[in-house]
Undergrad: 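Below: one structure in structure tokens.
Chain letters run A, B, ... following the sequence lines, proteins first, then strands; residues in each count from 1.
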Amino acid sequence: MNVVAQVEAQIKEEIKQALVKANLAKEEEIPDIILEKPKVKAHGDYATNIAMQMARVAKQAPRKIAEEIVQHLDTGKAMIEKIDIAGPGFINLFLDNGYLTKLIEQILAEKETYGRVNTGKGHKVLVEFVSANPTGDLHVGHARGAAYGDALCNILDAAGYDVSREYYINDAGNQIHNLALSIEARYMQALGKEWDMPEDGYHGQDIIEIGKELAVKDGDKWVHVPEEERIAYFREYGLKVELEKIKQDLANFDVHFDNWFSETSLYETNKVEATLEKLQEKEMIYEKDGATWLKSTKFGDDKDRVVIKNDGTYTYLTPDIAYHLNKLERGFETLINIWGADHHGYIPRMKAAIQALGYAPETLEVEVIQMVNLIEDGEKVKMSKRTGRALTLRQLMEEVGKDAMRYFFNTRSCDSHLDFDLDLARTQSNENPVYYVQYAHARICTMLEQAAEKGIDFSGFDSSLLKNEKEIDLLKQLGDFPKTIADAAEKRAPHLVTQYVFDLSALLHSYYNAEKVIKEDNLDLTKARLALMAAVKITIANALKLIGVHAPQKMYRDEE
RNA sequence: GCGCCCAUAGCUCAAUUGGAUAGAGCGUCUGACUACGGAUCAGAAGGUUGAGGGUUCGACUCCUUCUGGGCGCGCCA
């Protein structure tokens, strides 16, 4: 446990004891005491609203309760220097911040593990994300999902969850057939033949390339084989090429999956039939109008859903239920799915299916990523994979860069719709806040390097010399890191980490401009400050790693 | 028509999940090293949190009605 958490726990305990000693409540009547960090410094290091919360139980005015608490509080044990009662009954606590300096030793010792907590307690979580159909390039929306999903996984891992990342490949359905037909058309066109694209074909540039590629490689070989054989080959070929591209793009984006799960494999291992049998046993499916239906209305869905059509084939839902059952059978306790907003209507039926199989509804959590609007020349660009008018992840990486993208997507909470101004991203990428944070890291590297050149290190430093306000602010922020991780994990909100590291960087820059770290006339102070800098450096790097952003030793600026 | 999401500074977004004076970036304006990197810093201006009603000590946050926008609503995937 880190020193900050220890101090907070101690304060909470002392407040609890004070309530008991003042005869305001029995120990078991006291709710969890919440310590808040006030926005305004005049309100202390911590504030608690416990007096207001206890007003009903104790049947007294909040301010009166607050006074009682203050009188009975053991300020020595809780390291409290001063207490105020303010407003309707807030208790503001001003701490002796001496304990904070111990943080530096802790951070320097823990290094890249600093910040890790164990609120997850080894809970097994499967996060499924991106899962785009292998029928074309990943676009901006997928990039957002990938950036969010990967950061979330990193954070869950840092919070002590046992996380797996998975990509579900829809390689069995109709859309793959359309892919094959689209490739066929492009292939024929590449050979100079008149050939119409299929109704629901994929019009992307990448498919045109595949058609050309095949024409060059195999000539007109596929014109002369039976259609069935040709389509089968194009299907397999297209799938392989598209999937490889997706894997490569994601790897370049620094997103790595533990498992690529193929829909086809569900059929090969008869999982779909087994799932239907299980639903049958539980009497969760029935027949009507020649089709088989899932009783999803039993679990809050609008209507029951077809699982076997009257032509005997499955709907999209059926293998998907089998897939989710398979996840659960592999021992995952919580399933987190990250879906685009255009699939949100699908959530109730999937949750219903989970319950129909006998699992609690909370087992499946769906995080919905809102749409990304692309703005170019001040106008919204309508994105569509079908028409091929989409900005791809790859293009975006070439123009903006991985770090800026991953940082940008994780400054927003995932349920906000957001506009991505392409012109802004192109022309002002140097104004992107990611450089601000990276610069803070690089600055510290430079300082440490220069100190080393002068033969100064921070061995035997005395952290109690760090007393000025900006140093205390930095220390407090450093101490907040573990809690930020726990918070971000619990709320599935990586943007809290991004905000955290931005704030830490702002404090660093401010400090840097106000105080000189390397003071050759004061070696003791220099050592202490260098140690602080090293601790900030570690923390920035750890935070950036969670978001998937590189922490550079030096900053290079592109020359115009 | 029904369901989900959203509406906060000129623009893009936050807000410790019900807390005190709603904060950042960009943009605008004023300042700062012959100094460890100026991709920085110090400061200013900018708000009836879409509108109305309710809940309570206290509301951007919860409930309700309305307005505006996005996305869904198939025996498609």
Undergrad: When the side chains of residues 339-350 of chain A are checked against the rest of the protein, which donor-acceptor pairs come out under 3.5 Å, sequence neighbours left out?
TA:
{"residue": "H344(A)", "atom": "ND1", "partner": "A341(A)", "partner atom": "O", "Å": "2.6"}
{"residue": "Y346(A)", "atom": "OH", "partner": "D320(A)", "partner atom": "OD2", "Å": "3.3"}

Undergrad: From CG of L530(A) over to P of rC36(B), roughly how many Å is that when rounded to an integer?
TA: 15 Å

Undergrad: Is any side-chain N or O of H417(A) under 3.5 Å from a base N or O of rC5(B), one able to act as donor and the other as acceptor?
TA: yes

Undergrad: Sort out for me which residue in T318(A), V307(A), I308(A) forms a side chain to side chain contact (heavy atoms under 4.5 Å, CB included) with V272(A).
TA: T318(A)

Undergrad: Pull out every residue in residues 36-51 of chain A that has a heavy atom closer than 4.0 Å to any atom of RNA chain B, ordered by number, or say none.
TA: E36(A), K37(A), K39(A), H43(A), A47(A), N49(A)

Undergrad: Dot-bracket for RNA chain B, 5' to 3', counting Watson-Crick or G-U wobble pairs under 3.5 Å, with [ ] for crossing pairs and | for inter-strand pairs?
TA: (((((.(..((((.....[...)))).(((((.......))))).....(((((..]....)))))).)))))....

Undergrad: Name all pairs fulfilling the side-chain hydrogen bond (donor to acceptor under 3.5 Å, both in side chains) condition that reach into residues 478-492 of chain A, sequence neighbours left out, sorted by first residue then second.
TA: E8(A)-K483(A), K37(A)-D480(A), E365(A)-R492(A), D487(A)-K491(A)

Undergrad: Test ring-ring contact (aromatic ring centres under 6.0 Å, His included) on Y500(A) and F481(A); report intermediate values, then the result.
TA: CA-CA 8 Å; Y500(A) 169 85; F481(A) 189 43; 5.1 Å; yes

Undergrad: Check for me whether K527(A) meets the cation-pi criterion with F461(A), that is, NZ or CZ under 6.0 Å from the six-membered ring centre and within 45 degrees of the ring axis.
TA: no

Undergrad: Taking only residues at least two apart or on different chains, which pairs with a member in residues 287-302 of chain A satisfy salt bridge (Lys or Arg N to Asp or Glu O under 4.0 Å)?
TA: D301(A)-R305(A)

Undergrad: Could you tell me which residues satisfy side chain to side chain donor-acceptor pair (under 3.5 Å) with E469(A), sequence neighbours excluded, listed by chain and number?
TA: K41(A)

Undergrad: Counting primed atoms plus P, OP1 and OP2 as sugar-phosphate and everything else as base, spell out the protein contacts along nucleotides 72-77 of chain B at 4.0 Å heavy-atom distance: B, S or - for each nucleotide, 5' to 3'.
TA: SSSBSB

Undergrad: Among residues 493-501 of chain A, which residues get a heavy atom nearer than 4.0 Å to RNA chain B?
TA: H495(A), Q499(A)

Undergrad: Does anything in residues 83-95 of chain A come within less than 4.0 Å of RNA chain B? Heavy atoms only, and list the residues if so.
TA: A86(A), P88(A), F90(A), N92(A)

Undergrad: Around atom CD of E236(A), are there more than 12 heavy atoms from other residues, nucleotides or ligands closer than 6.0 Å?
TA: no

Undergrad: In terms of ring plane angle, is the pair F420(A) and F408(A) parallel, tilted or perpendicular, where the classes change at 30° and 60°?
TA: perpendicular

Undergrad: H495(A): which residues meet the side chain to side chain donor-acceptor pair (under 3.5 Å) condition with it, sequence neighbours left out?
TA: none

Undergrad: How long is the span from the CD1 atom in I540(A) to the CZ atom in R443(A), to the nearest 0.5 Å?
TA: 11.0 Å

Undergrad: Between the protein and nucleotides 41-47 of chain B, which nitrogen or oxygen pairs are less than 3.5 angstrom apart?
TA:
{"residue": "rC41(B)", "atom": "OP1", "partner": "Y436(A)", "partner atom": "OH", "Å": "2.3"}
{"residue": "rC41(B)", "atom": "O4'", "partner": "N513(A)", "partner atom": "ND2", "Å": "2.9"}
{"residue": "rA42(B)", "atom": "OP1", "partner": "S510(A)", "partner atom": "OG", "Å": "3.0"}

Undergrad: If a pair satisfies salt bridge (Lys or Arg N to Asp or Glu O under 4.0 Å) and one of its residues is in residues 528-539 of chain A, list it, with sequence neighbours excluded.
TA: E471(A)-R529(A), E515(A)-R529(A)

